[in-house]
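Values below: every heavy atom of this structure, side chains too, minus hydrogens, waters and symmetry copies.
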Amino acid sequence: MDDFSALKTEFTPMIHHIIRSLSIYKNKEEYFQVGLIALWESFRSFNEEYGQFSNYAYTVIKGKILNELKHHHKYEAHSKPFDSTILEIKDPFSMHEEAFAIESILQYTEGLTLNQQRWLLQTYLKNKTVTEIAELYQVTTASVKSWRKSTLIKLRKQMIFHCK
């Protein structure tokens with residue numbers, strides 16, 4: 001086994017098998033490269049006393065891929081995106097404006113269902129889109145659109161009633 005390209009061709013299915021057996025579905029190419037590097041290292045460090053090369057290579061490749069998985073998991077667990085809202089400082093005037101906005105909108109929620117109130121408050125106070133509201137309440141976007149439609153119909157009726 002002096003030619004690594006022949007060895008690579010022979011052991012590529014094994015590397016793919018290890019990746020599948022570890023249920024790796026993201027960054028497969030990266031883990032395949034880790035497997036190839038491990039194959040190269042096992043090729044360079046193999047000793048006949050270890051037994052069959054295929055068994056030795058399998059152990060080294062799987063170990064290296066597991067180590068890489070552990071490093072990625074540790075990195076993802078400790079590196080969360082920076083939350084810029086921590087640094088926001090609200091001035092007293094904007095807090096009064098916000099309270100006024102809440103009061104203004106809450107007067108229209110009378111007679112609305114819970115879901116209609118949710119749509120109204122999330123849309124006008126939090127500036128959320130239909131998709132964001134759907135994710136927040138774990139419903140479909142069609143449901144949120146239905147809330148929106150029925151809310152607008154009720155609010156129009158209220159406005160017509162108050163104008164008469």
Undergrad: Does any part of the side chain of Arg118, heavy atoms only, come nearer than 4.5 Å to the side chain of Ile133, both counted from C-beta?
TA: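 Side chain of Ile133 against side chain of Arg118, heavy atoms only: no contact under 4.5 Å found.
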
Undergrad: Does the pair Val130 and Arg148 meet the rule for a side chain to side chain contact (heavy atoms under 4.5 Å, CB included), with working shown?
TA: CA-CA 9 Å; Val130 169; Arg148 175 182 62 194; 3.6 Å; yes

Undergrad: Working to the nearest 0.5 Å, report the span between NZ of Lys157 and CG of Leu152.
TA: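 CG of Leu152 is found 12.5 Å from NZ of Lys157.
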
Undergrad: By the salt bridge (Lys or Arg N to Asp or Glu O under 4.0 Å) test, which pairs, at least two apart or in different chains, include something from residues 39-55?
TA: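 Pairs touching residues 39-55 that pass the test: Glu41-Lys64.
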
Undergrad: A side-chain contact here means heavy atoms from C-beta on lying under 4.5 Å apart; do Leu36 and Trp40 qualify?
TA: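 Leu36 does not reach Trp40 side chain to side chain.
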
Undergrad: So Leu112 and Lys154, side chain to side chain contact (heavy atoms under 4.5 Å, CB included) or not? Walk me through it.
TA: CA-CA 8 Å; Leu112 297 178; Lys154 281 187 180 179; 3.7 Å; yes

Undergrad: Hey, quick one: are Trp119 and Leu136 part of the same hydrophobic cluster, counting side-chain heavy atoms closer than 4.5 Å, chains of contacts allowed?
TA: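 As far as the 4.5 Å side-chain criterion goes, Leu136 and Trp119 are connected within one cluster.
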
Undergrad: Listed by chain and number, what are the side chain to side chain contact (heavy atoms under 4.5 Å, CB included) partners of Thr59, not counting sequence neighbours?
TA: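 Partners of Thr59 by the side chain to side chain contact (heavy atoms under 4.5 Å, CB included) criterion come out as none, since no residue qualifies.
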
Undergrad: So, Tyr56 versus Phe43, ring centres under 6.0 angstrom or not?
TA: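 No, ring centres 6.0 Å or more apart.
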
Undergrad: When rounded to the nearest 0.5 angstrom, what distance separates CG in Leu7 from OG in Ser54?
TA: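 OG of Ser54 is found 10.5 Å from CG of Leu7.
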
Undergrad: Please report the C-alpha distance between Leu39 and Phe4 in whole Å, then the side-chain angles of each, then the deciding distance to 0.1 Å, and finally whether the side chain to side chain contact (heavy atoms under 4.5 Å, CB included) criterion is met.
TA: CA-CA 9 Å; Leu39 178 63; Phe4 184 73; 3.9 Å; yes

Undergrad: For Asn115 and Thr113, what are the C-alpha separation, side-chain angles and deciding distance, and is it a side-chain hydrogen bond (donor to acceptor under 3.5 Å, both in side chains)?
TA: CA-CA 5 Å; Asn115 289 335; Thr113 66; 5.6 Å; no

Undergrad: Could you go step by step and tell me if Ser146 and Ser143 meet the side-chain hydrogen bond (donor to acceptor under 3.5 Å, both in side chains) rule?
TA: CA-CA 5 Å; Ser146 172; Ser143 297; over 6 Å; no

Undergrad: Looking at Gln33 and Glu30, would you say the former's side chain and the latter's main chain have a donor-acceptor pair under 3.5 Å?
TA: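 Pair absent, no side-chain N/O of Gln33 close to backbone of Glu30.
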
Undergrad: Taking only residues at least two apart or on different chains, which pairs with a member in residues 131-145 satisfy salt bridge (Lys or Arg N to Asp or Glu O under 4.0 Å)?
TA: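 Matches after skipping sequence neighbours: none remain.
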
Undergrad: Kindly indicate, with the supporting measurements, whether the criterion side chain to side chain contact (heavy atoms under 4.5 Å, CB included) is fulfilled by Tyr31 and His72.
TA: CA-CA 11 Å; Tyr31 289 104; His72 277 278; 3.2 Å; yes

Undergrad: Indicate, with yes or no, if Ile153 and Leu121 share a hydrophobic cluster defined by side-chain heavy-atom contacts under 4.5 Å among Ile, Leu, Val, Met, Phe, Trp and Tyr.
TA: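 No, no single cluster joins them.
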
Undergrad: Is the shortest side-chain heavy-atom distance between Lys70 and Leu66 below 4.5 Å?
TA: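 No, side chains not in contact.
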
Undergrad: Heavy atoms only: give me the nearest Ile61-Ala38 pair and the separation to one decimal.
TA: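 Minimum heavy-atom contact is CA-CB, 3.7 Å.
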
Undergrad: Can you list, pair by pair, the side-chain donor-acceptor contacts under 3.5 Å of residues 12-29, counting residues two or more places apart and other chains?
TA:
residue : atom : partner : partner atom : Å
Thr12   : OG1  : Lys8    : O            : 2.6
Ser21   : OG   : His17   : O            : 3.4
Ser21   : OG   : Ile18   : O            : 2.8

Undergrad: Going by heavy atoms in the side chains, are Leu120 and Leu155 under 4.5 Å from each other?
TA: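 Side chain of Leu120 against side chain of Leu155, heavy atoms only: contact under 4.5 Å found.
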
Undergrad: Is the shortest side-chain heavy-atom distance between Val60 and Phe46 below 4.5 Å?
TA: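 No. Closest side-chain heavy atoms not under 4.5 Å.
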
Undergrad: Who are the ring-ring contact (aromatic ring centres under 6.0 Å, His included) partners of Tyr58, not counting sequence neighbours?
TA: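 Result, ring-ring contact (aromatic ring centres under 6.0 Å, His included) vs Tyr58: none returned.
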
Undergrad: Going by the rule salt bridge (charged side-chain N to carboxylate O under 4.0 Å, His left out), which residues pair with Lys62 if we only count those two or more places apart in sequence or in a different chain?
TA: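 Not a single residue meets the salt bridge (charged side-chain N to carboxylate O under 4.0 Å, His left out) criterion with Lys62.
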
Undergrad: Determine whether Thr151 and Trp147 satisfy the following criterion, side-chain hydrogen bond (donor to acceptor under 3.5 Å, both in side chains), listing intermediate values before the conclusion.
TA: CA-CA 6 Å; Thr151 304; Trp147 301 349; over 6 Å; no

